[in-house]
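Okay, structure first, notes after.
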Amino acid sequence: MNGLSVIVKTVTRWVVDFIVLYGLFLTAYGHLSPGGGFPGGVTIACAFVLIMLAFGKKKLYENVGFKTVSRLDCTAALAFLAVALLGFAYAGPFFVNFIQKSLPGTDFQLLSAGIIPICNIVITLKVAASLLLVAVVLSAVRVVPGGTDEQFQAEEEE
Amino acid sequence: MFDLVTLLLLFMIVAALVALFTNDLLSAVIAIGAAGFGATVLFLLLRAPDVVPTHVVVEVLTLVILLRAVVGRETVTFAGVRPIPFAVASGVLVLLFLTFAVMSLSGMPEFGKPSMIANADAPSRTYISEGLKETGAANAVTAVLLDYRAYDTLGEATVIFTAIVGAVVLLRRKSRKQRELSMGKQGGNNK
């Protein structure tokens, strides 16, 4: 339960920031280069899963509020829908790229493509939160007779 | 007014309502399947034929799994000789399927030749030539994912959301009732 060896812990400590940074890069440049919301979110979630593997579950439970994560999950899902519904406000169909239609940015720049970067960011939040929750939920189930996860239960009952 | 799409939409809405309000689990599952296959035909009519095969597979799989979960553990085994009409009917069905499969195979473009070259009105032509102009996204994949086929992406996000909700609900330690019970024993104001 105390995680893996010192080598793994040290390397994880160095690498984790860069993994999150790479996930953010994939998201931010999703409309320009290969990447996007789904791969970015998966990368960010993997950083947290790596922390969980290297330092043990307890460390993650202490540092991440899972109530917040599940709320983030729901909020991002609703935000994605809200971006889609905003298309109606521009008197267009569902999911119309209203920003690109009203004030198009310069092509190949970071601020371009209208709602696509916004959608990417929202999807990243959603996917990262979802996958982190999946990993946590699956890791919390242990078929050890008599074994309990007080921390997780406390978190659940909070 | 009442074209095929509207009729199908009405059919799907009715099927979904039946699935929601029926008391019989088996009829609910069958109604869900009906709604799903309505959506499959709808995709075909709305000129998204590439979505249809996936949709059919997913529909059949979910229907079989749900039926299995609903009907229960006992398996029905057929013993003895199969009635001749049934055998003939299944043979005819297999032959029909094979015929259509071969026919669709001959309609496919040559191996190694993209269909966008073979067909003048292939959607991928528009995606590549007009994608940057229409969406402003330099990445054509993102342009398709979040602009031309944004519905699909919304569906994917919904699938992930449903999956995590299902996982959390199924794998939690105690149900809400149990938790309230145990809280009630301890005095109740834990919050």
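Bear in mind the structure is a predicted one, so any value in this text is a computation, not a measurement. Every heavy atom of this structure was used, including side-chain atoms; hydrogens, water molecules and symmetry mates were not. Sequence lines set the chain letters: A, B, ... in the order given, protein chains first and strands last, and positions in each chain run from 1.
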Exercise for review: Compute whether any side-chain donor of one residue and acceptor of the other, for B:T142 and A:H31, lie under 3.5 angstrom apart.
Suggested key: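 No - no donor-acceptor pair under 3.5 Å links their side chains.
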Margin query: If only side-chain N and O atoms count, and only distance matters, is there a donor-acceptor pair under 3.5 Å linking B:D3 with B:T6?
Written below: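 Their side chains do contain a donor-acceptor pair, which is all the 3.5 Å distance test asks for.
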Pairwise distance CZ(A:F80) to CD1(A:I115) - rounded to 0.5 angstrom: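 Output value for this atom pair is 8.0 Å.
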Q.
Would you compute the distance between atom OG1 of B:T40 and atom CE of B:M12 and round it to the nearest 0.5 angstrom?
A.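 One gets 8.5 Å once the value is rounded to the nearest 0.5 Å.
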Which pair of non-hydrogen atoms, one from A:F55 and one from A:R13, has the smallest distance, and what is that distance?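 A:F55 and A:R13 have their closest heavy atoms at CE2-NH2, 3.6 Å.
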* Asked: How far apart are the closest heavy atoms of A:C119 and A:V83, and which atoms are they?
  ->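 Where A:C119 meets A:V83 most closely, the heavy atoms are SG-CG1, 3.8 Å.
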Greatest number of heavy atom pairs closer than 4.5 Å to chain B - which of A:G30, A:P34, A:G36
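Looking at each option in turn, the highest pair count goes to A:G30.
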Which of A:G35, A:S33, A:A77, A:P117 touches chain B most, by non-hydrogen pairs under 4.5 Å: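 Answer, by heavy-atom pair count under 4.5 Å with chain B: A:S33.
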Under 4.5 Å heavy-atom distance to chain B, tell me which part of [X] shows up: side chain, backbone, both or neither.
{"X": "A:A84", "answer": "neither"}
{"X": "A:S130", "answer": "both"}
{"X": "A:I116", "answer": "both"}

Just so I understand: if I count every heavy-atom pair under 4.5 Å between each of B:V165, B:T158, B:T153, B:L145 and chain A, which residue has the most?
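Top count of heavy-atom pairs under 4.5 Å with chain A: B:T153.
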Practice item. List in chain and number order the residues that pass side chain to side chain contact (heavy atoms under 4.5 Å, CB included) with B:V88, two or more places apart in sequence or in another chain; answer none if no residue qualifies. Key: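 Scan of B:V88 (side chain to side chain contact (heavy atoms under 4.5 Å, CB included), adjacent residues dropped) gives B:I84, B:V92.
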request  = With side-chain contact (heavy atoms from CB on, under 4.5 Å) as the test, would you mind laying out the steps for B:I13 and B:L17 before giving the verdict?
outcome  = CA-CA 6 Å; B:I13 291 170; B:L17 284 177; 4.2 Å; yes
Would you please test A:K126 and B:F161 for side-chain contact (heavy atoms from CB on, under 4.5 Å) and show each step?
CA-CA 8 Å; A:K126 208 208 123 27; B:F161 186 71; 3.6 Å; yes
Who in residues 38-52 of chain A is close to chain B, using a strict under-4.5 Å heavy-atom cut-off?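 If one takes a 4.5 Å heavy-atom cut-off, the residues of residues 38-52 of chain A near chain B are A:F38.
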